[in-house]
Amino acid sequence: MIQIYNSQTRRREDFVPLRAGKVGMYCCGPTVYDFFHIGNARPFIMFDVFRRYLQYRGYEVTFVQNFTDVDDKMIDRARREGVTVRELGDRFIAEYWKDANALGVKPADVHPRATEHMPQMIALIQGLIDKGMAYEQAGSVYFSTPDFPEYGKLSGQNLEDLDAGARVSVDEEKRNPLDFALWKAEKPGEPSWDSPWGRGRPGWHIECSAMSMAYLGEAFDIHAGGQDLLFPHHENELAQSEGFTGRPFVNYWMHNGFLNIDNTKMSKSLGNFFTVRDILKEYEPEDVRMLMLSAHYRSPLNFSRDMMAQAHASLTRLYTARDRLNALLVSAKPGKADGAGITEKVEEIRQRFLSGMDNDFNTAEAMGAVFDLAYLANTELDEGSGKEAVQTVLSTLAELTGVLGLLARGEESVPEDVQAVADRRAEARKNRDWAQSDALRAELARMGWLAEDTPQGQKLRRA
RNA sequence: GGCGCCAUAGCCAAGUGGUAAGGCGAAGGUCUGCAAAACCUUUACUCCCCAGUUCGAAUCUGGGUGGCGCCUCCA
């Protein structure tokens with residue numbers, strides 16, 4: 001039984017989907033006004049893994065992740081660059097794909113763009129006005145928080161407390177400081193769309209309500225995003241959606257913790273962020289994934305060069321084990337009985353992986369099982385092992401790391417010039433010319449490659 | 001002011017009342033021409049502190065201390 005920590009109830013709950021065997025999942029996507037940073041990558045990677053795991057567990061998952069392609073930041077940047085908001089969106093959606101693909105984040109089933117869902121948003125807003133939960137004021141429409149009595153139930157706050165702490169200067173047009181815009185009246189020079197209230201553009205929160213309901217229905221299973229979205233974004237989404245439909249909107253709210261720099265939140269507004277684009281100039285994309293998976297998704301996670309180095313070293317251990325298994329497969333003996341009980345041990349490890357992941361997607365716990373599998377491979381299998389045993393370990397390793405999106409790289413192809421040096425080194429070794437051999441190894445190192453001598457001969461891997 | 005989260009070895013980290021997973025690093029050893037990888041051994045008698053509950057607490061309760069987040073665009 002999969003258990004999920006629900007931010008709304010603040011406890012771990014058994015996961016029971018609305019429709020047996022099917023899961024509807026929505027994850028707040030990026031505002032496409034810039035490259036995304038390494039902190040943004042955390043939910044993309046984690047929820048990608050959770051989706052893979054749900055599929056691995058046999059669920060048919062419909063995964064939706066939006067692109068917010070109109071808002072203040074989009075408008076500002078488009079203006080600065082002298083392009084339209086649409087052009088800016090097109091550009092950074094394309095850049096999103098490059099980084100997401102590099103990180104092994106699979107495309108969602110649907111990637112709706114806010115600007116392409118105006119009719120749905122307008123219908124929602126009109127419905128809220130009709131029900132008396134929203135009001136129009138000078139061409140803008142606001143959600144009336146006092147008219148949704150359950151407002152605050154997601155973030156566990158009540159209107160009075162929020163009121164007292166509100167730092168926002170009261171907008172003259174709002175009846176209540178906590179009311180929020182569903183529709184913003186057109187301003188000169190800003191993109192706008194026709195609506196019953198005149199030209200304007202949607203508020204941020206309504207986008208996600210409209211797009212999630214459009215593809216997942218009025219009620220669905222999982223809504224995910226960063227912890228900072230819990231309030232007000234998700235609170236508002238919930239209010240709008242349930243206000244409109246009169247029924248529960250989302251069954252499980254999931255929120256990932258932050259990726260920190262020096263123990264402080266990384267964010268664009270603080271300027272202490274690294275874009276994924278920049279990180280990937282220096283590190284393997286899978287190292288980033290490994291780092292993310294090494295901690296529980298709700299815990300804060302510090303980002304540093306040292307952490308990246310640790311992640312890289314850990315991952316290398318898994319790659320080494322996999323490559324060795326591949327090599328063993330060649331020499332393994334078909335039909336040899338599994339005297340060591342490999343099959344049972346592998347299944348035991350697989351079960352531990354499952355129980356880790358079932359436990360609110362505890363990737364750190366599951367990772368322990370993956371390393372146990374590597375250990376099993378290193379200690380219990382050798383050239384004399386049965387082919388079936390080797391195959392079992394190898395395929396299970398592929399299966400589990402596949403769920404995590406790791407070990408996606410094949411064996412590395414060696415560039416010709418590197419191979420040429422390696423060949424000369426092999427020759428020197430054959431002649432027992434150790435001085436020459438070591439000199440050539442040093443040369444390979446300068447080229448970024450590590451030469452290792454194994455019983456099967458010289459092996460090369462990227463340093 | 002309101003609402004939350006976190007504290008486990010040199011670093012990262014799991015642990016959801018029954019006697020501290022795993023990874024990185026470090027030290028010694030096996031193997032190797034030397035390395036690397038792998039393997040073996042060592043690296044938390046103890047989980048921020050103080051009380052309490054319990055036969056039993058890293059885990060539960062209360063009180064401290066320290067750090068972080070949301071309440072404003074934010075993953």
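Computation of the quantities below employed the complete heavy-atom set of this structure, encompassing side-chain atoms and omitting hydrogens, waters and symmetry-equivalent molecules. Chain identifiers are assigned alphabetically (A, B, ...) following the order of the sequence lines, protein sequences preceding nucleic acid strands; residue numbering begins at 1 within each chain.
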Original post:
For C3(B), which nucleotide is its Watson-Crick or G-U wobble mate, given both distances must be under 3.5 Å?
Top reply: G69(B)

**OP:** Find the distance L318(A):CG to A38(B):P and express it as a whole number of Å.
**Re:** 10 Å

**OP:** Under 4.0 Å between any heavy atoms, over every strand shown, what does L291(A) touch: base, sugar-phosphate, or nothing? Just pick one.
**Re:** nothing

Subject >> Rounded distance in Å - CG (D306(A)) to P (G23(B)) >> reply: 17 Å

Original post:
Separation of R429(A) atom CZ from G33(B) atom C1', in whole Å?
Top reply: 8 Å

Original post:
Just how far, in rounded Å, is C1' of G67(B) from CD1 of I261(A)?
Top reply: 17 Å

Original post:
When all nucleic acid strands are considered with a 4.0 Å heavy-atom cut-off, which category describes F258(A): base, sugar-phosphate, or nothing?
Top reply: base

**OP:** Calculate the interatomic distance between H296(A) atom NE2 and G15(B) atom C1'; express it in whole Å.
**Re:** 13 Å

Original post:
Mapping T316(A) and S155(A) onto RNA chain B by nearest heavy atom, which one lands closer to the 5' end?
Top reply: S155(A)

**OP:** Tell me what L230(A) touches on the nucleic acid: a base, only sugar-phosphate, or nothing, going by heavy atoms under 4.0 Å.
**Re:** nothing

Original post:
For Q436(A) and G33(B), what is the distance between atoms CD and C1' respectively, to the nearest whole Å?
Top reply: 15 Å

Subject >> Over-ring placement of R175(A) relative to Y142(A), 6.0 Å and 45° cut-offs >> reply: no

